[in-house]
**Student:** 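For reference, the structure I am asking about is given below.
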Amino acid sequence: QVQLVESGGGLVQAGGSLRLSCAASGRTFSSYAMAWFRQAPGNERDFVAAITWSGSSTKYIDSVRGRFTISRDNAKNTVYLQMNSLKPEDTAVYYCAATPLRGWLLRAHEYSYWGQGTQVTVSS
């Protein structure tokens with residue numbers, strides 16, 4: 001069982017930056033692949049970025065590649081999403097998710113554990 005708690009969301013102007021954090025409970029955090037998803041009003045929950053259990057590999061959707069960076073600190077049981085050059089279209093509730101499965105998993109139903117979400121609002 002893994003419990004996830006996100007923090008770091010807020011209101012920022014276009015071009016600004018935010019860093020989201022996701023703190024995980026449990027001693028087996030390092031065995032889980034982690035991901036960030038986002039959900040805008042009226043939309044499905046969409047994949048944003050993922051990182052392997054070791055942190056050696058990452059994956060991003062095209063619209064955030066070069067602007068967002070996912071990372072993790074297994075000693076602190078925490079995964080991060082550094083978001084730079086934010087755009088109004090990045091506005092959404094951001095969720096972190098964990099899965100014990102291997103391979104690149106891009107769909108929400110493939111993740112077993114979810115945080116409660118944190119709101120990111122980017123004003124133009």
Side-chain angles (χ1 to χ4, degrees):
Q1 187 80 10
V2 176
Q3 293 184 326
L4 304 173
V5 179
E6 301 99 334
S7 61
L11 173 64
V12 64
Q13 289 187 334
S17 298
L18 285 173
R19 187 175 85 153
L20 306 183
S21 299
C22 175
S25 65
R27 293 177 290 179
T28 58
F29 172 75
S30 60
S31 65
Y32 288 85
M34 301 295 296
W36 288 93
F37 285 74
R38 65 187 180 187
Q39 188 168 19
N43 290 357
E44 294 184 349
R45 193 169 296 187
D46 295 325
F47 172 82
V48 175
I51 188 167
T52 55
W53 63 272
S54 66
S56 61
S57 295
T58 57
K59 192 172 187 68
Y60 302 91
I61 55 171
D62 289 344
S63 61
V64 308
R65 188 175 293 111
R67 299 189 298 122
F68 290 11
T69 302
I70 187 171
S71 62
R72 67 189 295 163
D73 185 338
N74 286 343
K76 295 182 178 180
N77 280 13
T78 303
V79 64
Y80 305 97
L81 186 67
Q82 177 67 44
M83 305 186 295
N84 299 328
S85 301
L86 282 161
K87 303 175 181 180
E89 52 263 43
D90 295 318
T91 295
V93 178
Y94 283 70
Y95 298 89
C96 71
T99 178
L101 303 177
R102 295 295 180 258
W104 290 120
L105 305 176
L106 309 184
R107 293 170 290 184
H109 75 266
E110 295 171 319
Y111 287 80
S112 306
Y113 305 102
W114 292 88
Q116 82 288 352
T118 185
Q119 176 71 47
V120 171
T121 303
V122 185
S123 63
S124 58

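Please read these numbers as outputs of a predicted model, since none were measured by experiment. Side chains are part of it too, since the values below use all heavy atoms of this structure and drop only hydrogens, waters and symmetry mates.
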**Student:** Would a distance-only check, ignoring hydrogens and angles, find a side-chain to backbone donor-acceptor pair under 3.5 Å from Y111 to L105?
**Tutor:** yes
**Student:** Check L81 against A49 and note the closest heavy-atom contact, atom names and distance.
**Tutor:** CD1-CB, 4.3 Å
**Student:** Side chain of T91, backbone of V122: donor and acceptor closer than 3.5 Å?
**Tutor:** yes
**Student:** Using a 3.5 Å distance criterion without hydrogens, assess whether the side chain of Q116 forms a donor-acceptor pair with backbone atoms of E6.
**Tutor:** yes
**Student:** If you measure from OG on S57 to CD1 on I51, what distance do you get to the nearest 0.5 Å?
**Tutor:** 8.5 Å
**Student:** Working to the nearest 0.5 Å, report the span between CZ of F37 and CZ of R107.
**Tutor:** 10.0 Å
**Student:** Answer yes or no on whether R45 is positioned over the face of Y95, meaning its NZ or CZ is under 6.0 Å from the six-membered ring centre and within 45° of the axis.
**Tutor:** yes
**Student:** Using every non-hydrogen atom in the two residues, find where N74 and S30 come nearest and quote the distance to one decimal.
**Tutor:** ND2-CB, 3.6 Å
**Student:** Can you name the side-chain hydrogen bond (donor to acceptor under 3.5 Å, both in side chains) partners of T121, sequence neighbours left out?
**Tutor:** Q119
**Student:** Parallel, tilted or perpendicular: which one describes the rings of F68 and Y94, with boundaries at 30° and 60°?
**Tutor:** tilted
**Student:** Under 4.0 Å between a side-chain nitrogen and a carboxylate oxygen: does that hold for D90 and K87?
**Tutor:** no
**Student:** Sequence neighbours left out, what passes side-chain hydrogen bond (donor to acceptor under 3.5 Å, both in side chains) with N77? Give chain and number order.
**Tutor:** none
**Student:** Would you say Y80 and D73 make side-chain contact, with heavy atoms under 4.5 Å?
**Tutor:** yes
**Student:** May I ask whether V5 and Y32 are part of the same hydrophobic cluster, defined by side-chain heavy atoms of I, L, V, M, F, W, Y residues being less than 4.5 angstrom apart, directly or through others?
**Tutor:** no
**Student:** So which heavy atom on F29 is nearest to which on A24, and how close?
**Tutor:** CD1-CB, 3.3 Å
**Student:** Taking it one step at a time, do D62 and Y60 satisfy side chain to side chain contact (heavy atoms under 4.5 Å, CB included)?
**Tutor:** CA-CA 6 Å; D62 289 344; Y60 302 91; over 6 Å; no
**Student:** In Å and rounded to the nearest 0.5 Å, what is the CD to CD1 distance from Q82 to I70?
**Tutor:** 12.5 Å
**Student:** With a cut-off of 6.0 Å (strictly less than), are more than 12 heavy atoms of other residues, nucleotides or ligands near CD of Q3?
**Tutor:** no
**Student:** Give, for atom CG of D46 and atom CG of L106, the distance between the pair rounded to the nearest 0.5 Å.
**Tutor:** 11.0 Å
**Student:** Cation over ring, R38 on F47, under 6.0 Å and within 45°?
**Tutor:** no
**Student:** Going from OG on S71 to CE on M34, what distance comes out if it is rounded to the nearest 0.5 angstrom?
**Tutor:** 11.5 Å
**Student:** Taking atom OG1 of T99 and atom CH2 of W53, what is their separation to the nearest 0.5 Å?
**Tutor:** 15.0 Å
**Student:** Anything under 3.5 Å between a donor and an acceptor, one on a side chain of residues 9-22, the other on a protein residue two or more places apart or in another chain? List them.
**Tutor:**
from	atom 1	to	atom 2	distance (Å)
S17	OG	N84	OD1	2.9

**Student:** Is there a side-chain contact between S112 and P100 (heavy atoms, below 4.5 Å)?
**Tutor:** yes
